[in-house]
Student: 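Okay, handing you the structure first.
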Amino acid sequence: MNKTLLTSVLLSALFSSTTFAAEELSTENPAYTPSEPLVLEPVVATPENGLSPIEDEVPKFDDTMHYFVGLTGGMADMSLSLVHATSSSDKDKVSASSPDASGFAGADIGFYTAGGNGRIYYSFQKMSGESKFDNKKIADTDVTLHLLSADYIFLADKAINPFVGAHVGYMIAETTSEQYGSYKQSNPVLGVQAGVAWRISDHFTTEIGARHTASQRKDQNYWSGSKVDPKEIVYPNTQSDLKNITTFYISANYRF
């Protein structure tokens, strides 16, 4: 009987101390609730907590139209047919080479469409080249191009933007020779272009590309000597035809 009473007292005391310790631990850590799942929340950068948000370094195009101007330059390769004949015989014909590749310069002005996925612009370009026969200069050809171009720009939300496009325009070419005289050719042109642009900032862009421009003139004209009738040609005479121009260029643009 005494043993049973003693055992009951000891168990009651042990149970009371365990309950008190658990209540004290719960009071010290009120936020700890094992029955609820642990949820991690992102820390938002604010001036109050001293953190700065990470800015996207790629300049964005907005939903409005932007004008731009640019300077361009590079290398021009002209395909020119130049034939001088002193008679109807092929052995009396001199065919000069196409002009050597030479430098060119120009300027662009136009606008980017909303969002930056396209652009339309006018280009002015000037170039010149020398034609040779037996390694001697036989003629100079000066060319002026007036072009209206439209480009589609890929990856407009990125810093690197490939693009493709097409253009129409007008060409004025003058070939001058001390031996044969001079001739001015003017006619419409059609062409295509492609390249890659790199947006350095919100306003400045640089690009590299290639442009191929084809003359739309169908007939060659005699311009040294005279022609009374297509079947009655007076010799000597000269024919020339600027067929196409391929340019490789680099340009820098400023977007307003």
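For reference, positions follow the sequence shown, starting with 1.
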Student: Report the residues that fulfil side-chain hydrogen bond (donor to acceptor under 3.5 Å, both in side chains) with D92, sequence neighbours left out, ordered by chain and then residue number.
Tutor: S87
Student: Could you walk me through whether K126 and T144 pass the side chain to side chain donor-acceptor pair (under 3.5 Å) check?
Tutor: CA-CA 5 Å; K126 284 191 70 68; T144 301; 3.0 Å; yes
Student: Can you name the residues that form a side chain to side chain contact (heavy atoms under 4.5 Å, CB included) with Y170, not counting sequence neighbours?
Tutor: I172, S186, P188
Student: Does a side-chain heavy-atom distance below 4.5 Å link N253 with T206?
Tutor: no
Student: What residues, two or more places apart in sequence or in another chain, satisfy ring-ring contact (aromatic ring centres under 6.0 Å, His included) together with F111?
Tutor: none
Student: Are S123 and H167 close enough that a side-chain donor and a side-chain acceptor fall under 3.5 Å?
Tutor: no
Student: The criterion is side-chain hydrogen bond (donor to acceptor under 3.5 Å, both in side chains); which residues satisfy it with T246, sequence neighbours excluded?
Tutor: H212
Student: Take S240 and T175 through the side chain to side chain donor-acceptor pair (under 3.5 Å) test and state the conclusion after the steps.
Tutor: CA-CA 8 Å; S240 68; T175 300; 4.6 Å; no
Student: Contact between V143 and I245 at the side-chain level, heavy atoms closer than 4.5 Å - yes or no?
Tutor: yes
Student: Test of understanding: with salt bridge (Lys or Arg N to Asp or Glu O under 4.0 Å), list the residues that count as partners of D140, not counting sequence neighbours.
Tutor: K137
Student: Looking at residues at least two apart in the chain, or sitting in another chain, which of them share a ring-ring contact (aromatic ring centres under 6.0 Å, His included) with Y67?
Tutor: none
Student: Determine, using the 4.5 Å side-chain heavy-atom cutoff (strictly less than), whether V196 and W198 are members of one ILVMFWY cluster.
Tutor: yes
Student: Measuring only between side-chain heavy atoms, which start at C-beta, is L190 closer than 4.5 Å to Q216?
Tutor: yes
Student: Could you tell me whether the side chain of R199 and the main chain of A156 form a donor-acceptor pair under 3.5 Å?
Tutor: yes
Student: Are L145 and M75 linked, directly or through intermediate hydrophobic residues, by side-chain heavy-atom contacts shorter than 4.5 Å (ILVMFWY only)?
Tutor: no
Student: Let me confirm one number: the CG-OG distance from D77 to S98, rounded to the nearest 0.5 Å.
Tutor: 7.5 Å
Student: Between M78 and G129, which heavy-atom pair has the shortest distance, and what is it?
Tutor: CE-N, 3.4 Å
Student: Give the ring-plane orientation class for F204 versus Y254, where under 30° counts as parallel, over 60° as perpendicular and anything between as tilted.
Tutor: perpendicular
Student: Roughly how far, to the nearest 0.5 Å, is the OG atom of S128 from the CZ atom of F104?
Tutor: 12.0 Å
Student: Side-chain contact test, heavy atoms from C-beta onward, threshold under 4.5 Å: evaluate it for F256 versus V69 and give yes or no.
Tutor: yes
Student: May I ask whether I208 and Y121 are part of the same hydrophobic cluster, defined by side-chain heavy atoms of I, L, V, M, F, W, Y residues being less than 4.5 angstrom apart, directly or through others?
Tutor: no
Student: Distance from H203 atom NE2 to H66 atom NE2, nearest 0.5 Å?
Tutor: 9.0 Å
Student: Going by the rule side-chain hydrogen bond (donor to acceptor under 3.5 Å, both in side chains), which residues pair with S95 if we only count those two or more places apart in sequence or in a different chain?
Tutor: none
Student: Heavy atoms, side chains only, cut-off 4.5 Å: are P236 and H84 in contact?
Tutor: yes
Student: What residues, two or more places apart in sequence or in another chain, satisfy salt bridge (Lys or Arg N to Asp or Glu O under 4.0 Å) together with D142?
Tutor: none
Student: Side-chain contact, heavy-atom cut-off 4.5 Å: S81 with Q239?
Tutor: no
Student: Closest heavy-atom contact between L155 and P162?
Tutor: CD1-CD, 4.2 Å
Student: With a 4.5 Å limit on heavy-atom distance, are the side chains of I138 and V94 in contact?
Tutor: yes
Student: Distance check, rounded to the nearest 0.5 Å: E130 atom CD versus K136 atom NZ?
Tutor: 14.5 Å
Student: May I have the step-by-step check of side-chain contact (heavy atoms from CB on, under 4.5 Å) for E174 and Y183, ending in yes or no?
Tutor: CA-CA 6 Å; E174 184 173 11; Y183 177 72; over 6 Å; no
Student: State which residues pass side-chain hydrogen bond (donor to acceptor under 3.5 Å, both in side chains) with S215; sequence neighbours excluded, sorted by chain then number.
Tutor: N187
Student: The test is side-chain contact (heavy atoms from CB on, under 4.5 Å); show your working for T238 and L82 and say whether it passes.
Tutor: CA-CA 7 Å; T238 305; L82 175 61; 3.6 Å; yes
Student: Using a cut-off of 6.0 Å, state whether more than 12 heavy atoms not belonging to I160 lie near its atom CD1.
Tutor: yes
Student: Going by side chain to side chain donor-acceptor pair (under 3.5 Å), name the pairs with one or both residues in residues 110-120, residues two or more places apart or in two chains.
Tutor: R119-D151, R119-E207
Student: Does the separation of the ring centres of Y152 and F154 fall below 6.0 angstrom?
Tutor: yes
Student: A side-chain contact here means heavy atoms from C-beta on lying under 4.5 Å apart; do V189 and L147 qualify?
Tutor: yes
Student: Do R211 and Y249 form a cation-pi contact, if we require the NZ or CZ to be under 6.0 Å from the six-membered ring centre and within 45 degrees of the ring's axis?
Tutor: yes
Student: Can you name the salt bridge (Lys or Arg N to Asp or Glu O under 4.0 Å) partners of K184, sequence neighbours left out?
Tutor: none
Student: Per the salt bridge (charged side-chain N to carboxylate O under 4.0 Å, His left out) rule, what does the pair list look like for residues 97-110, sequence neighbours excluded?
Tutor: D100-K132
Student: Does Q185 reach the main-chain N or O of L242 with its side chain, forming a donor-acceptor pair under 3.5 Å?
Tutor: yes
Student: How long is the gap from CG on L80 to OG1 on T141, to the nearest 0.5 Å?
Tutor: 4.5 Å
